[in-house]
Visitor: 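Structure below; questions to follow.
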Amino acid sequence: MKRRTKIVVLGSALLLTAGAASAATASDAPRERTTASDAPRQREAAALTGTAKLYRSAGDDITFSFDAHLAAKDKADPSKATGTFEFSHYLNGEGARAEVKVDCLLTGGKVAVVSGVVTDSDLPGAKGKRVGVTVHDLGRHDRLGYSWASTGSPVDTKELPKCVSSAPFEKVAKGTGDFTVVPWQPEL
């Protein structure tokens with residue numbers, strides 16, 4: 001037998017012996033009772049989290065924050081998503097902010113579309129309006145879009161359906177993009 005073959009055979013024998021010893025030790029050990037908290041946690045069906053400021057050369061202070069989730073048990077129905085998101089837009093001390101209750105979350109790869117109804121805002125007429133936001137999680141170069149991109153204001157959007165937004169055309173400011181998208185994997 002050649003030297004190289006002997007080393008491979010000897011290495012394989014050692015691995016087999018170690019594996020058998022580990023299995024014997026594990027089977028000889030007293031079994032612990034498992035509880036529900038010991039059970040492996042199931043991955044959520046989809047998620048969008050994180051905060052970023054948009055890049056604007058004029059100095060606008062525009063921030064978006066997300067904490068949206070779709071539980072594994074609701075995998076087949078994105079409209080059962082829960083959570084909130086917030087956004088604000090200020091320039092020269094004037095602007096508005098809004099808090100939104102999530103009503104839908106769809107993700108695919110590193111792109112998420114989330115929608116919800118504004119629950120609190122200092123923008124007149126915004127409360128009760130549905131808005132949508134799209135995020136593309138590109139690491140340090142995330143992008144974002146929003147349903148009011150073509151109207152200029154969430155107030156001017158009429159009867160927006162759930163999970164509708166625009167393409168993620170805005171760039172986030174350098175050093176602020178920390179969005180995380182958990183991709184949705186529906187059973188098809």
Side-chain angles (χ1 to χ4, degrees), residues 43-71 74 77-186:
R43 174 193 176 282
E44 61 190 335
L48 170 60
T49 57
T51 299
K53 289 182 178 262
L54 296 188
Y55 170 77
R56 288 290 175 88
S57 60
D60 300 48
D61 182 3
I62 306 170
T63 303
F64 284 82
S65 293
F66 302 94
D67 187 20
H69 304 271
L70 180 63
D74 297 322
D77 188 356
S79 69
K80 291 195 175 178
T82 61
T84 59
F85 64 93
E86 300 176 12
F87 58 92
S88 62
H89 184 167
Y90 293 97
L91 179 62
N92 299 324
E94 293 190 26
R97 50 159 277 298
E99 296 175 18
V100 181
K101 181 179 178 192
V102 170
D103 65 8
C104 190
L105 174 65
L106 283 171
T107 64
K110 293 292 188 175
V111 177
V113 178
V114 63
S115 66
V117 176
V118 175
T119 57
D120 187 36
S121 180
D122 52 7
L123 177 63
K127 193 170 179 180
K129 289 282 192 174
R130 178 173 286 116
V131 294
V133 181
T134 305
V135 169
H136 192 181
D137 175 11
L138 295 168
R140 294 186 293 190
H141 304 288
D142 294 341
R143 298 182 73 88
L144 188 138
Y146 35 85
S147 58
W148 60 95
S150 63
T151 63
S153 171
V155 175
D156 298 329
T157 304
K158 307 275 189 245
E159 309 281 328
L160 185 73
K162 291 181 179 180
C163 272
V164 172
S165 184
S166 72
F169 64 96
E170 296 265 19
K171 294 178 185 178
V172 302
K174 189 174 182 176
T176 70
D178 74 345
F179 297 134
T180 301
V181 174
V182 173
W184 184 48
Q185 298 170 341

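Both backbone and side-chain heavy atoms feed into the values below; hydrogens, waters and symmetry mates do not.
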Visitor: Which heavy atom of A81 sits nearest to which heavy atom of C104, and what is that distance?
Guide: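 Heavy-atom minimum between the residues: CB-C, 4.0 Å.
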Visitor: List for me each residue that meets side chain to side chain donor-acceptor pair (under 3.5 Å) alongside D156, sequence neighbours excluded, and say none if there are none.
Guide: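 D156 satisfies side chain to side chain donor-acceptor pair (under 3.5 Å) with no other residue.
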Visitor: Are side-chain N/O atoms of S115 and D103 paired as donor and acceptor at under 3.5 Å?
Guide: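 A donor-acceptor contact under 3.5 Å links the two side chains.
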Visitor: Applying side chain to side chain donor-acceptor pair (under 3.5 Å), name anything that partners T51, two or more places apart in sequence or on another chain.
Guide: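 Applying side chain to side chain donor-acceptor pair (under 3.5 Å) to T51 gives S65.
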Visitor: So which atom in A149 and which in F169 form the shortest heavy-atom distance, rounded to 0.1 Å?
Guide: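 In this case the closest contact between A149 and F169 is CB-CE2, 3.6 Å.
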Visitor: Does some side-chain heavy atom of H69 sit less than 4.5 Å from a side-chain heavy atom of L105?
Guide: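 No, too far: nothing below the 4.5 Å cut-off.
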Visitor: Check whether any side-chain heavy atom of R97 sits under 4.5 Å from a side-chain heavy atom of D120, and report yes or no.
Guide: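 R97 reaches D120 side chain to side chain.
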Visitor: Quick one, F179 and H136 - any side-chain contact, counting heavy atoms below 4.5 Å?
Guide: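 When only atoms from C-beta onward are counted, H136 and F179 do not touch, as no gap falls below 4.5 Å.
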Visitor: Just verifying a value: how many Å separate R43 CZ and Q185 CD, rounded to the nearest 0.5 Å?
Guide: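 Rounded to the nearest 0.5 Å, the CZ-CD separation comes out at 4.5 Å.
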Visitor: For the side chain of T107 and the backbone of V182, is there at least one donor-acceptor N/O pair under 3.5 Å apart?
Guide: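 Present.
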Visitor: Is there a side-chain contact between D142 and F64 (heavy atoms, below 4.5 Å)?
Guide: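 No, too far: nothing below the 4.5 Å cut-off.
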Visitor: Should V118 and V131 count as side-chain neighbours, where that means a heavy-atom distance under 4.5 Å?
Guide: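 They are in contact (side-chain heavy atoms under 4.5 Å apart), so the answer is yes.
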Visitor: Would a line drawn from the ring center of F66 to the ring center of F87 be shorter than 6.0 Å?
Guide: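 Judged by ring-centre distance (under 6.0 Å), F66 and F87 do not meet the cut-off.
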Visitor: Nearest 0.5 Å, please: how far is CG in L144 from OG in S166?
Guide: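 The CG atom of L144 is 8.0 Å from OG of S166, to the nearest 0.5 Å.
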Visitor: Set out, in order, the CA-CA distance, both residues' side-chain angles and the distance that settles salt bridge (Lys or Arg N to Asp or Glu O under 4.0 Å) for K101 and E99, then state yes or no.
Guide: CA-CA 7 Å; K101 181 179 178 192; E99 296 175 18; over 6 Å; no
Visitor: Between S165 and V113, is there a donor-acceptor pair closer than 3.5 Å when you use the side chain of the first and the backbone of the second?
Guide: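 Checking the backbone N and O of V113 against the side chain of S165, no donor-acceptor pair under 3.5 Å is found.
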Visitor: What distance do L91 atom CG and I62 atom CD1 have between them, rounded to the nearest 0.5 Å?
Guide: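 Output value for this atom pair is 8.5 Å.
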Visitor: Check V102 against A68 and note the closest heavy-atom contact, atom names and distance.
Guide: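 Scanning both residues, the minimum pair turns out to be CG2-CB, 3.9 Å.
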Visitor: Taking the side chain as every heavy atom from C-beta outward, state whether H89 and D60 have any pair of such atoms under 4.5 Å apart.
Guide: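 H89 vs D60: side chains touch.
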Visitor: Distance from W184 atom CH2 to L48 atom CG, nearest 0.5 Å?
Guide: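 The CG atom of L48 is 15.0 Å from CH2 of W184, to the nearest 0.5 Å.
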Visitor: Where is the tightest heavy-atom contact between A71 and A45, given as atom of each residue plus distance?
Guide: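 Closest approach of A71 to A45, heavy atoms only: O-CB, 3.6 Å.
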Visitor: When you compare the side chain of R143 with that of E170, does any pair of heavy atoms fall below 4.5 Å?
Guide: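 Sidechains of R143 and E170: no contact.
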Visitor: Backbone N or O of K53 within a donor-acceptor pair of the T63 side chain at under 3.5 Å?
Guide: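 It does not hold such a pair.
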Visitor: Considering all heavy atoms of both residues, which atom of V155 and which atom of P124 are nearest to each other, and what is their separation?
Guide: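 Heavy atoms only, the tightest pair is CG2-O, 3.4 Å.
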Visitor: Can you give me the closest heavy-atom contact between S153 and L123, atom names plus distance?
Guide: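 Residues S153 and L123, closest heavy atoms: OG-CD2, 4.0 Å.
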